[in-house]
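Below: one structure, written as structure tokens.
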Amino acid sequence: MAESGPAQRLNRYELLVQSVTDYAIYMIDPTGIVTSWNAGAQRFKGYLEQEIIGQHFSRFYMTEDREAGLPARALHIAEHEGRFEAEGWRVRKDGSRFWANVVIDPVRDANGTLIGFAKVTRDLTERRAAEEELRRSEERFRLLVQSITDYAIYMLDPTGKVTSWNPGAQRFKGYRTEEILGEHFSRFYTEEDRATGLPERALATAESEGKFEAEGWRLRQDGSRFWAHVIIDPVRDEGGTLVGFAKITRDLTERKQAQQRLELAQQAFFHSQKMDAIGKLTGGVAHDFNNLLAAVIGSLDLARRRLAEGGDVTRYIDNAMKAAERGATLTQRMLSFARKQELAMEAVDVPVLVRGMADLLQRTIGAGVAIETSFPLVLPLVHADPQQLELALLNLAVNARDAMPEGGRIVIDARAEQLTSEDGMPPRDYVALVVTDQGEGMDEATLAQAMEPFFTTKGIGKGTGLGLSMVHGFAEQCGGRLVLRSAPGEGTSAAIYLPVTDIALPLAREVWVEEVGRKMASLRILAVDDDTLVLTNTAGMLEDLGHTVLQAISGQDALRCLRRHAVDLVVTDFAMPRMTGVQLADAIKVEWPDLPVLLVTGYAETPADTAQHLPRLAKPFREDQLVRTIDDVMAANRRHAGAVVEAPAA
């Protein structure tokens, strides 16, 4: 017959206890003798049931714990306090240790009499090992962070308050741990950065983007500044919740100061280079201008002497004019080098241009060098400034001559070429104007520097070193390029590539010095220039053309003159003190809106804010150029006046 009632329930509890293998569950009597043993106890303590029943439970304790009376104290606490719980090392049958969680509960009968203890033990060795490893790892990281003195490594809470502090932070920020914990990290920022909200923005960036990194000035405890590199990373728990920020700061003040010293040294070096370049330019220009001035002054002095004697001075006047024109060419060369020479772009027939300057080339080169030209029967027109192209060709010819001190032959030829982007040029049709000499040629190092500003092989003071730079700049302004080819002993070839154009050739114009000048109506002209030498020369030219000339030496003087006298045209210099030529033109426009103004300037280009509609004449100019410009100005003024008269009334 099956058992029922309390006996059946007791049997079920026994089966439950015996089936548990992860816990040692057993009974001990009031004196500590083991009275029952389950499978879990046998599994991780190692004793069979028959080996341990009747033995005292203290054998599971370490020797030092038994000597300290820990087993008896555990039973005493369980009996009198109703429970004992602890963790500690326990001993298996084979003598090995394991880390145990122990719970001892007193067992009493219905009358409350103590009849023994229920003891539950769990083997937590693996957890203990993991915790110990974690502790050691944390300790290693703590020691690592605490041993770093070149970086400030510390934690912030989500609001920005400091929660940890390492010696590196103390070393270069100056705060001890007890002084800074709980303080807001914004105190490290300058007042300007705090005012702009940089500390808060840094935390917001780190939280939203996963990182904040920057460099800037930070403050030490004593108020001094240091240049810092800062990284802020968000710290989140396993659920992704923000628990704070990790902040790493490095003091880069020495690097910043070294960088500043380097920048100052570079500025000094660049200044030195600039002064060296200016020195080379000054020496070369002084050499060339002294030669030209010697020719001008000497020729004019001889002309004055011969004139006093009643002799023919034409030869000396012509010589002075040539020297002056070469001086103007030298100025144009420097302006072209600076890329500030305005180009008058038009269609140019290259063979016709070269043949037209044959006499100039031969006179410039001298008798010791032969010049040959070679052109195809048909060659496309190019888009360029003809005057600047003549100057560029003259420069190349002079360089070719200087490369052949013993004489030789210069060949000037041209050819049509179609280039692509592989040639380093915009793909289109070009004409290459080539000057080739029979000189010694250049090695690779010299060739690489040949187009650099101020570079010259002619020796100190023997030129500006701007010839090839000018040609290079001119070619690029036209949309082309200068290409040099040379080798030692094989001479040099300089090719100016110019883009082909479909624009028609400009109509030929007469030189009006004598014919048109006589046909022009006599005008009443006000000439304005603060340089009396230039003013006298301009007035003399105008009077020679039959005009009546008034003179003024400043803008204010010109306005006073205009209020007293009616004039047909104002010819004014651009660069004058107190009132420039453009400012004078603006003032004239207010009081005399129909009075034309011609601006004369020695600059390649006037400032960008000047009135670009004003007609201009570049210095130096000849009488024929002055005639043409005045004619154009007056014709444009007549057209404008006619358009105003014919306009319908509003």
Side-chain angles (χ1 to χ4, degrees), residues 6-143 146 238:
Q8 185 179 17
R9 289 196 299 274
L10 182 60
N11 188 49
R12 286 201 300 270
Y13 284 127
E14 183 178 357
L15 290 174
L16 173 63
V17 170
Q18 289 299 327
S19 66
V20 174
T21 59
D22 288 335
Y23 290 82
I25 303 175
Y26 55 97
M27 291 286 293
I28 53 178
D29 67 13
T31 65
I33 301 299
V34 178
T35 60
S36 72
W37 195 248
N38 80 328
Q42 179 178 324
R43 185 180 68 82
F44 60 79
K45 291 198 176 187
Y47 294 93
L48 297 175
E49 184 178 5
Q50 59 271 25
E51 293 177 314
I52 200 64
I53 296 295
Q55 301 296 320
H56 199 276
F57 84 109
S58 62
R59 68 167 48 202
F60 307 138
Y61 284 75
M62 301 284 292
T63 302
E64 52 268 32
D65 289 340
R66 289 198 301 270
E67 292 175 351
L70 181 56
R73 191 162 62 251
L75 296 183
H76 178 80
I77 292 172
E79 180 181 0
H80 292 88
E81 297 182 10
R83 181 185 179 87
F84 171 83
E85 184 174 5
E87 288 189 7
W89 291 111
R90 297 295 184 266
V91 181
R92 293 188 177 94
K93 177 183 175 181
D94 61 7
S96 61
R97 298 190 311 170
F98 67 98
W99 187 261
N101 173 263
V102 176
V103 177
I104 303 176
D105 292 292
V107 179
R108 301 179 185 275
D109 61 16
N111 298 321
T113 302
L114 181 70
I115 60 175
F117 298 92
K119 190 168 184 294
V120 180
T121 304
R122 187 179 182 188
D123 185 355
L124 298 181
T125 306
E126 292 183 0
R127 193 193 74 177
R128 168 74 177 185
E131 290 176 349
E132 183 64 20
E133 180 58 32
L134 178 61
R135 187 193 65 76
R136 286 196 296 267
S137 177
E138 290 176 345
E139 180 64 14
R140 285 196 298 269
F141 279 113
R142 187 188 68 80
L143 292 173
Q146 291 300 317
E238 294 179 355

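We number each residue from 1, following the sequence as shown. Just so it is clear, the structure is predicted and the values come from calculations on it, not from any experiment.
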| said: Does anything in residues 79-88 form a salt bridge (Lys or Arg N to Asp or Glu O under 4.0 Å)? List the pairs, not counting sequence neighbours. | reply: R83-E85, R83-D105, E87-R127
| side chain to side chain contact (heavy atoms under 4.5 Å, CB included) against A86, all qualifying residues, sequence neighbours excluded | F84
| message | Can you give me the closest heavy-atom contact between G82 and P106, atom names plus distance? | response | O-CD, 3.3 Å
| field | Residues which pass side chain to side chain contact (heavy atoms under 4.5 Å, CB included) with V91, listed by chain and number, not counting sequence neighbours | value | M62
| field | Any residue meeting salt bridge (charged side-chain N to carboxylate O under 4.0 Å, His left out) with R92, in chain and number order, not counting sequence neighbours | value | D123
| Do other residues, nucleotides or ligands put more than 12 heavy atoms under 6.0 Å from the CD atom of E64? | yes
| Main-chain N/O of M27 paired to S36 side chain as donor or acceptor, under 3.5 Å | yes
| task | Applying side-chain contact (heavy atoms from CB on, under 4.5 Å), run through R59 and Y47 and close with a yes or a no. | result | CA-CA 11 Å; R59 68 167 48 202; Y47 294 93; 3.6 Å; yes
| query | When you measure from the centre of the six-membered ring of F57, is the NZ or CZ of K119 under 6.0 Å away and within 45° of the axis? | reply | no
| If you round to the nearest 0.5 Å, how far is CD1 of I53 from OG1 of T35? | 6.5 Å
| message | Going by side chain to side chain donor-acceptor pair (under 3.5 Å), name the pairs with one or both residues in residues 106-117, residues two or more places apart or in two chains. | response | none
| Which residue pairs pass the ring pair (Phe, Tyr, Trp, His ring centres under 6.0 Å) test when at least one of the two sits in residues 99-129, sequence neighbours left out? | W89-W99
Run the side-chain donor-acceptor check on residues 65-77: report pairs under 3.5 Å with partners two or more places apart or on a different chain.
| from | atom 1 | to | atom 2 | distance (Å) |
| --- | --- | --- | --- | --- |
| R66 | NH1 | Y61 | O | 2.6 |
| R73 | NH1 | A68 | O | 3.2 |
| H76 | ND1 | H80 | ND1 | 3.3 |

| query | Where is the tightest heavy-atom contact between I52 and V34, given as atom of each residue plus distance? | reply | O-CB, 3.7 Å
| query | How many angstroms lie between CG in N38 and OH in Y23, if you round to the nearest 0.5 Å? | reply | 12.0 Å
| task | Would you please test K45 and F98 for side-chain contact (heavy atoms from CB on, under 4.5 Å) and show each step? | result | CA-CA 9 Å; K45 291 198 176 187; F98 67 98; 4.1 Å; yes
| task | With rounding to the nearest 0.5 Å, note down the distance linking CD1 in I104 to OG1 in T121. | result | 7.5 Å
| field | From CD (Q55) to CH2 (W37), nearest 0.5 Å | value | 10.5 Å
